[in-house]
Amino acid sequence: MKIAICVKEVPDPTAEKRIDPGTNRLVRTGENTLNPYDRHAIEEAVRIKESGVETEISIVLVGPASAARTVDKALAQGGDRSVHLADDGLADSDILATSRALAALLERDAYDLVLFGQQASDAECYVMAAAVAERLDRPCVSQAASLTLDGSTLRVKRQVETGYDTVEMPLPAVVSVSDAINEPRYPSLPAIMGAKRKPHEVLSLADAGIDPDTVGGAGSRTTVRGLSKPAGRGASVRIEDDGTAAEKILAFLVENKVVV
Amino acid sequence: MAGILVFAELQGGAFATGSLGLLEEAERLGQALGEPVHALVCGDVDGSQAAALGRHGATVVHVAAGGGYGLAQPIVDAVATLQAAESFRYLLFGASIAASDAAAGAAVRLDAGLVIDAVELAADGGELVTRRAGLGDSVLAHCAFTTPVGVVVVRANAFAAAEDRSGPDAELRTFAPEFRTFSTAARISGHEEAEQSGVDIGEADVLVGGGRGLGKAENFALCEALAAALGGAVAATRAVVDAGWYPYSSQVGQTGKMVSPRCYIAVGISGAIQHKVGMQSSGLIVAINKDANAPIFDFADFGVVGDLHAIVPKLTELVKARG
């Protein structure tokens, strides 16, 4: 069984995130790390492997050359090998362009299962799995809360607006997993030390056979025209309870027609 | 390319209220751009129910025959089939689990621009420029499309549906989507209703959110009683969900649901950023917390520093007494 996990490098959560007003882009020059949601996808692949299914886990990343450290973090978490598309021509890619680059990488190998984390913690994109699945002509389900393999059938349980659905699909398939699916373990010291020695494949756009005009800014289908501050919430009231707070809240709810 | 298509999503046999609000917003956008608004309904729907979307701004309702629309990919097929015939300029989706993925799939299939997490739809110089919230809602990015066709996913309940709207029935047109093999390879084999409450908190008008300040799991009963009196639902913070006090399905925040109810009553919630991003677009925010320094007071419209154990039961009784 060949599993690919698409991971992303994101700004470290402790670093202040800001947008460059000149380029309208998120500043990514600070401390970066592995998208925390992706750890759940890696953990799930490791569990499949530990269940006795012979499995090779590939870490797939699209990002700058400096993201090599993030690739190693993901490998330490449980990957066997990595494929890293590192090319300056990828900068400024939007969802459509990134999905094109990921799909091109995934088409290089016959993966049975492609896993994603539920979203990226920087731009909060939660639809990459669906976009990539569409490019690969594969069945897809997102936000999986549990995965069960039954031969070549994958059974997924997931939360939807009306409750929990069980979804069955044949492999090969694309799945994004929710952060409720498991508790990722911390990598051991030997795993961290060993990550660098695992097979790393680093590719340019040319190596991967990707037309530079189809990715990066040129391959994007949206552009950011400008930025603005959202409207503030306006006047607010704050009181200390003197025994009449419940009455005052009720009056506020009535005044605003929440209670009629 | 002409016209705006809104995906009107059926959830449990009824239209998601977010879809109705989105239709109404699309009508405003359509008027500004001079574009007609059509709706797409996937699956079994009563003719009069579909035609009633006219009240919310649709002039034509396209009904896709067939089933399996609880998953995103058959919806992509329906959108693509319809788009081949109609050539809409903009396609708008509400941010449900299925519709978000369907929008992404459709954008890829149509090679159209995609903007997600939109909170405003503005007509600017004859085109749609979407406001997408970023960095914990501290900034709005004005996103334009570089393609003739644009696809937008709007944040859940970003646009409220007006009550008692009137208007002519929409014209109904039924069509048969061309399903692709991979799109229909997955199927829903089982469904169970959400534990505790069948209420979709993303659609609730009033939410009573409980946090660690409740002290223990049993005290969620205080939130449940208040929510019941207000006709709303109960939400929870990540901290209490992790502690096993309340189900994950009720979790609001960065890793849970993004909600924007008309009113959010935060009970014993500190208002950490992870929770804030999930509920700060609520119409009104009421906060009850004993810690006067809690960040929740920075963005609450009505904040009470006090003991929730005294205030919440009393408020519940007062609301009940009015009903």
Side-chain angles (χ1 to χ4, degrees), chain A residues 17-19 24 94-96 99 123-127 130-131 133-135 137-143 158-170 173 179-180 220-230 233 236-241 245-250 252-253 256 258-259, chain B residues 11-12 70-73 76 96-97 100-101 104-105 107-109 112-117 129 135 137 139-147 182 185-194 200 202 206 248-249 255 262-263 284 286 297 299-306 311 314-315 318-319 322:
Chain A
K17 288 188 265 186
R18 64 183 187 87
I19 292 177
N24 291 332
D94 69 357
I95 298 171
L96 270 279
S99 70
E124 308 291 354
C125 176
Y126 47 81
V127 295
E134 174 64 30
R135 292 200 187 280
D137 288 1
R138 300 270 171 82
C140 177
V141 67
S142 59
Q143 309 279 344
R158 69 162 176 176
Q159 206 183 104
V160 293
E161 289 77 7
T162 54
Y164 287 85
D165 282 345
T166 303
V167 181
E168 290 183 0
M169 70 190 96
D179 66 347
S220 294
R221 300 288 180 256
T222 53
T223 182
V224 177
R225 289 260 177 86
L227 303 170
S228 62
K229 282 271 170 203
R233 293 196 63 87
S236 71
V237 177
R238 179 158 147 196
I239 61 167
E240 302 264 348
D241 183 19
E247 285 85 353
K248 285 172 181 156
I249 295 171
L250 180 70
F252 179 79
L253 296 178
N256 287 286
V258 175
V259 173
Chain B
Q11 286 177 353
L71 295 170
Q73 288 172 309
V76 176
S96 73
I97 299 260
S100 303
D101 288 345
V108 168
R109 184 90 58 94
L114 173 66
V115 175
I116 64 168
D117 206 20
V129 180
L135 303 189
D137 288 355
V139 66
L140 293 177
H142 301 200
C143 303
F145 296 107
T146 57
T147 41
F182 75 90
R187 64 179 188 93
I188 296 175
S189 60
H191 179 77
E192 49 187 276
E193 290 301 310
D200 170 13
V206 178
Y248 184 81
S249 58
T255 54
R262 206 149 61 86
C263 179
L284 292 171
V286 176
F297 291 120
F299 58 98
D301 302 296
F302 195 92
V304 177
V305 182
I311 297 166
K314 194 170 166 192
L315 177 59
L318 289 171
V319 172
R322 289 182 67 93

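Proteins get letters first, then strands, A, B, ... in listed order; numbering begins at 1 in each. Note: hydrogens, waters and symmetry copies are ignored here, and every other heavy atom, side chains too, is used.
One finds the SG atom of A:Cys140 at 10.0 Å from the CZ atom of B:Phe182 (value rounded to the nearest 0.5 Å). Between the CZ atom in A:Arg221 and the CG atom in B:Leu114 there is a gap of 12.0 Å [rounded to 0.5 Å]. Residue A:Leu96 holds its CG atom at 9.0 Å from OG1 of B:Thr146, rounded to the nearest 0.5 Å. Interatomic distance, OG of B:Ser189 versus CE of A:Met169, reported as 10.0 Å (0.5 Å rounding). Between the OG atom in A:Ser142 and the CG atom in B:Leu71 there is a gap of 9.0 Å [rounded to 0.5 Å]. To the nearest 0.5 angstrom, A:Asp165 atom CG is 9.5 Å from B:Ile97 atom CD1.
Taking chain A as the reference chain and counting heavy-atom pairs below 4.5 Å, the highest number among B:Ala104, B:Gly190, B:Gly306 is found for B:Gly190. Among the candidates A:Ala130, A:Gly226, A:Ala131, the residue making the largest number of heavy-atom pairs closer than 4.5 Å to chain B is A:Gly226. Between chain A and the residues B:Val206, B:Val129, B:Val319, B:Leu318, the largest count of heavy-atom pairs under 4.5 Å involves B:Leu318. Between chain A and the options B:Asp301, B:Leu315, B:Ile116, heavy-atom pairs under 4.5 Å are most frequent for B:Asp301. Per-residue counts of heavy-atom pairs under 4.5 Å with chain A were compared for B:Gln11, B:Arg109, B:Arg262; the largest is that of B:Arg109. When A:Ile249, A:Asn256, A:Val141, A:Ile95 are compared by the number of non-hydrogen pairs under 4.5 Å with chain B, A:Ile249 comes out ahead. Of the listed residues (B:Asp101, B:Val76, B:Val115), the one with the most heavy-atom contacts under 4.5 Å to chain A is B:Asp101. Interface remark: of the candidates A:Pro139, A:Pro170, A:Ala173, A:Ser236, A:Pro139 forms the most heavy-atom pairs closer than 4.5 Å to chain B.
With a 4.5 angstrom heavy-atom cutoff, A:Ile239 touches chain B via backbone and side-chain atoms both. Contact of B:Val304 with chain A is made through backbone and side chain together, with heavy-atom distances under 4.5 Å. The part of B:Ala300 that comes within reach of chain A is its backbone (N, CA, C, O), which places non-hydrogen atoms under 4.5 angstrom from that chain. Using a 4.5 Å cut-off between heavy atoms, A:Asp94 does not touch chain B at all. The contact between A:Arg225 and chain B is made by backbone and side chain atoms together, counting heavy-atom distances below 4.5 Å. With a 4.5 Å cut-off on non-hydrogen atoms, A:Ser99 touches chain B through its side chain but not through its backbone. Residue contact with chain B, scored on non-hydrogen atoms closer than 4.5 Å, involves the backbone and the side chain of A:Glu240 alike. Looking at B:Arg187, the atoms closer than 4.5 Å to chain A (heavy atoms on both sides) sit in the backbone and in the side chain alike.
Here the closest heavy-atom approach between residue B:Cys263 and residue A:Val258 is recorded as CB-CG2, 3.7 Å. Shortest non-hydrogen contact noted between B:Phe145 and A:Thr222 is CD2-CG2, 3.8 Å. In plain terms, the two heavy atoms of B:Lys314 and A:Glu247 that are nearest each other are CE-OE2, 3.2 Å. Heavy atoms only, all atoms of each residue included: B:Ser100 and A:Val127 are closest at O-CG1, 3.5 Å. In terms of heavy atoms, A:Ser228 sits closest to B:His142 at OG-NE2, 2.7 Å. Minimum heavy-atom separation, A:Ala245 to B:Ile311: CB-CD1, 4.0 Å.
At a threshold of 4.5 Å between non-hydrogen side-chain atoms, the residues B:His191 and A:Val160 count as touching. Here the side chains of A:Phe252 and B:Leu284 are in contact, with some heavy-atom distance below 4.5 Å.
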Practice task
Check the pair A:Leu253 / B:Val286 against side chain to side chain contact (heavy atoms under 4.5 Å, CB included), numbers first and verdict last.
Solution key: CA-CA 9 Å; A:Leu253 296 178; B:Val286 176; 4.2 Å; yes

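In terms of modelled atom types and a separation under 3.5 Å, the side chain of B:Gln73 and the main chain of A:Arg138 share a donor-acceptor contact.
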